[in-house]
Amino acid sequence: MGPGYFPLLIGAIVAALGLAIVVKGLIAGEVIEFGRVPWRALALITAAVLFFGFFIGRLGFVPTSAVTALLTTLASRRVRPLTALAVAAGLTAAATLIFVVGLQLRIPLAGPGF
Amino acid sequence: MDLLDNLVLGFSTALLIENVLYCFVGVLLGTAVGVLPGIGPTATVALLLPITFNFEPVTALIMLAGIYYGAQYGGSTTAILINLPGESSAAVTALDGHEMARQGRAGPALAAAAIGSFIAGTVATVVLAVAAPPLADVALRFGPADYFALVLFGLVVSIALARGSALKALAMIALGILLGTVGQDIYTGTPRFVLGQRELYGGIDFVSVAVGMFGIAEILRNLENERDRPALLGGVTNLWPTREDRRRIAGPIARGTGLGAALGVLPGGGHVLASFTSYAVEKRISKRRREFGHGAIEGVAGPESANNAAAQTSFIPLLTLGLPAHPVMALMVGAFIVHGITPGPNVITDEPALFWGLIASMWIGNVLLVLLNLPLIGIWVRMLRIPYQVLFPMIVLFAVIGTYSLSMNEYDVYAIAVFGIVGYVLIKCGCEPAPLLLGFVLGPLLEENLRRALIISRGDATVFLTRPISLSLLVLTVLILVLAALPMIRRRREVVFTDEE
């Protein structure tokens, strides 16, 4: 009963179930329609989240939130650049008010830099 | 009387100014996310979890619970007014509720939903108060082997209720359990699946998984097809139902409450099942069967009562056994643990004020919800006009800030991105994220009890078959697996769940 016992057991079950799904899909001729993938949203939202993680400890709350919000807003194909700027600015202000002023989150507003 | 004493204790806790205030905040937020399509209670509770860490434990739980049942009220508003379910269990409400709104009877539909929800919430809270203590007593007799069997049973029942392929749901649970094993092993401290990264020694953060799969993945799916929201139907007038309406909704509310209270205890979306079952029952026994689908008020009152009753009784497994029946409950387990309380049968004796305070707060929350949802309906209607282009950046931004603030760990934020993409791909492949999350939460519990049972029995695996509780649960588990695999049952499940689309 070492530390590897349980993961091995579950791993075997996952593999068996995965195989069963593949076999069942092949027999039934199941085809998954991926449809339209929102590549732009996928790329921009992922970039926004990673940006936040990487820079929050370096640039501080306000600059990081503003860029994250702007990147996310641009993920929509129907948004105009000016609207995006306005929404990002509004969200940054709201987030600062709620998290830093209201909830006393201990993240510097700007800085400390790299 | 014991129950009376306990309720007095509960109300004296729940009526503290601070607790009433946060109960109000909880149900207000719950109604808001219930009303807005595209954000549900799971993502909201995940986001707010870190904020509640500074609260008293009872206050934190009261607020989080409020978000959960508040969302059941809010979901019906969107379903009735714009024919979009704000919350999954409100999908059936849209059938007749929206039809009523098109006939200019949105007011009575909303009122029937709110009144039904209130009555159901009240009754189900009493059921919770009466049923929980004896169940907790039973649970105290559980050994590790019994707990293992119980967790396994819970996981398997949840797939029987999930929609879509049972095979895929089972695979999702197993995958969730596997993800839950990342990090240091509890007995030996050996790191597992850490890929040499020290940040993974503590395991994957649960909030990151929940926010990624229920927040980000859902947003990506919504952005596939950007359309305008369906138009709102004119204003809401004449809220109060006529005498004829009142007579017609009494039966459905009573039946919906009973059904919901019973089905809510089941793991994995009991409230969705409850609202569908209630609709089917009302349709079958009604003398006006042809009106269903064309604005029958029974078809609004029944399901809405059922899903609200189920939302309350789904706290029973959490509070008595420590088993979450819904992803939101799984997040609440996190809230308990952060405050140093292990959810389970001991809560009722070790923390009576918390236990009874939470139950009493649910009734207070239901009163607040009726006040919020009937006189203030105009505010929610206006909120439906917020465009999605503003809403989704807000969700993403608050999600990353909330998750980061949890432990100021940037890796938790990276994990959101990973699970967002993984979740999106899984949804596209027809795999629901909910079973994965349940597996992720219950996996460590499953492993701990499995190994503890085997350590105590010195490696003798027959311990699971010699204890009566464990044996009967395992037999039930196998039975459910066999039933789920039978073609006849499978077809019936598909019928139930395709009605929803």
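Sequence lines set the chain letters: A, B, ... in the order given, protein chains first and strands last, and positions in each chain run from 1.
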Q: Nearest heavy-atom pair of B:Val207 and B:Asp205: which atoms, and what distance?
A: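 B:Val207 and B:Asp205 have their closest heavy atoms at N-OD2, 3.1 Å.
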
Q: Contact between B:Phe392 and A:Ile45 at the side-chain level, heavy atoms closer than 4.5 Å - yes or no?
A: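 Yes. Closest side-chain heavy atoms under 4.5 Å.
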
Q: Among the options B:Thr190, B:Leu178, B:Val425, pick out the one with the most heavy-atom pairs lying under 4.5 Å from chain A.
A: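 That would be B:Leu178.
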
Q: Counting only N and O atoms by type, is there a donor-acceptor contact under 3.5 Å from the side chain of B:Ser208 to the main-chain atoms of B:Asp412?
A: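 Yes.
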
Q: Please identify, among B:Ile401, B:Thr181, B:Val390, B:Leu446, the residue contributing the most non-hydrogen atom pairs under 4.5 Å to chain A.
A: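 Going by pairs under 4.5 Å, I would pick B:Ile401.
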
Q: I need the minimum non-hydrogen distance between B:Pro144 and B:Ile456, along with the two atoms involved.
A: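 Scanning both residues completely, I find the closest heavy atoms to be CG-CD1, 3.8 Å.
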
Q: With a 4.5 angstrom heavy-atom cut-off, is it the side chain or the backbone of B:Tyr187 that approaches chain A, or both, or neither?
A: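 Neither; nothing under 4.5 Å.
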
Q: With a 4.5 Å limit on heavy-atom distance, are the side chains of B:Leu436 and B:Met213 in contact?
A: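 They are in side-chain contact.
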
Q: Is B:Ile216 in contact with chain A via its backbone, its side chain, both, or neither, using a 4.5 Å heavy-atom distance?
A: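 The answer is the side chain of B:Ile216.
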
Q: B:Tyr424 versus chain A, heavy atoms under 4.5 Å apart: side chain, backbone, both or neither?
A: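 Only the side chain of B:Tyr424 comes within 4.5 Å of chain A.
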
Q: Could you have a look at A:Pro38, A:Ala47, A:Gly90 and say which one has the most heavy-atom pairs with chain B under 4.5 angstrom?
A: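 Option with the greatest count: A:Pro38.
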
Q: Between B:Arg221 and B:Glu218, is there a side-chain N and carboxylate O pair less than 4.0 Å apart?
A: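 A salt bridge is present here (some side-chain N lies under 4.0 Å from a carboxylate O).
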
Q: With distance as the sole test, does A:Lys24 use its side chain to make a donor-acceptor pair with the main-chain N or O of B:Leu167 at under 3.5 Å?
A: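 Checking the backbone N and O of B:Leu167 against the side chain of A:Lys24, no donor-acceptor pair under 3.5 Å is found.
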
Q: Where does A:Leu70 contact chain B at under 4.5 Å (heavy atoms): side chain, backbone, both or neither?
A: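 A:Leu70 has no heavy atom closer than 4.5 Å to chain B.
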
Q: B:Met172 versus chain A, heavy atoms under 4.5 Å apart: side chain, backbone, both or neither?
A: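 For B:Met172, neither part sits under 4.5 Å from chain A.
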
Q: Among side-chain atoms of B:Asn222 and B:Tyr388, is any donor-acceptor pair under 3.5 angstrom?
A: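 Yes, a side-chain donor-acceptor pair sits under 3.5 Å.
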
Q: If I measure from the heavy atoms of chain A, does B:Ile173 come under 4.5 Å with its side chain, its backbone, both, or neither?
A: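 Contact with chain A is absent: no heavy atom of B:Ile173 under 4.5 Å.
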
Q: Count the heavy-atom pairs under 4.5 Å between each of B:Glu447, B:Gln184, B:Glu410, B:Lys428 and chain A, then report the option with the highest count.
A: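 Of B:Glu447, B:Gln184, B:Glu410, B:Lys428, B:Glu447 has the most heavy-atom pairs under 4.5 Å with chain A.
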
Q: Between A:Thr72, A:Val37, A:Thr73, which shows the greatest number of heavy-atom pairs under 4.5 Å with chain B?
A: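 So the answer, after comparing A:Thr72, A:Val37, A:Thr73, is A:Thr72.
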
Q: Which of the residues A:Thr46, A:Thr68, A:Val87, A:Ile21 is involved in the greatest number of heavy-atom pairs with chain B at under 4.5 angstrom?
A: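 Most heavy-atom pairs within the cutoff with chain B belong to A:Ile21.
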
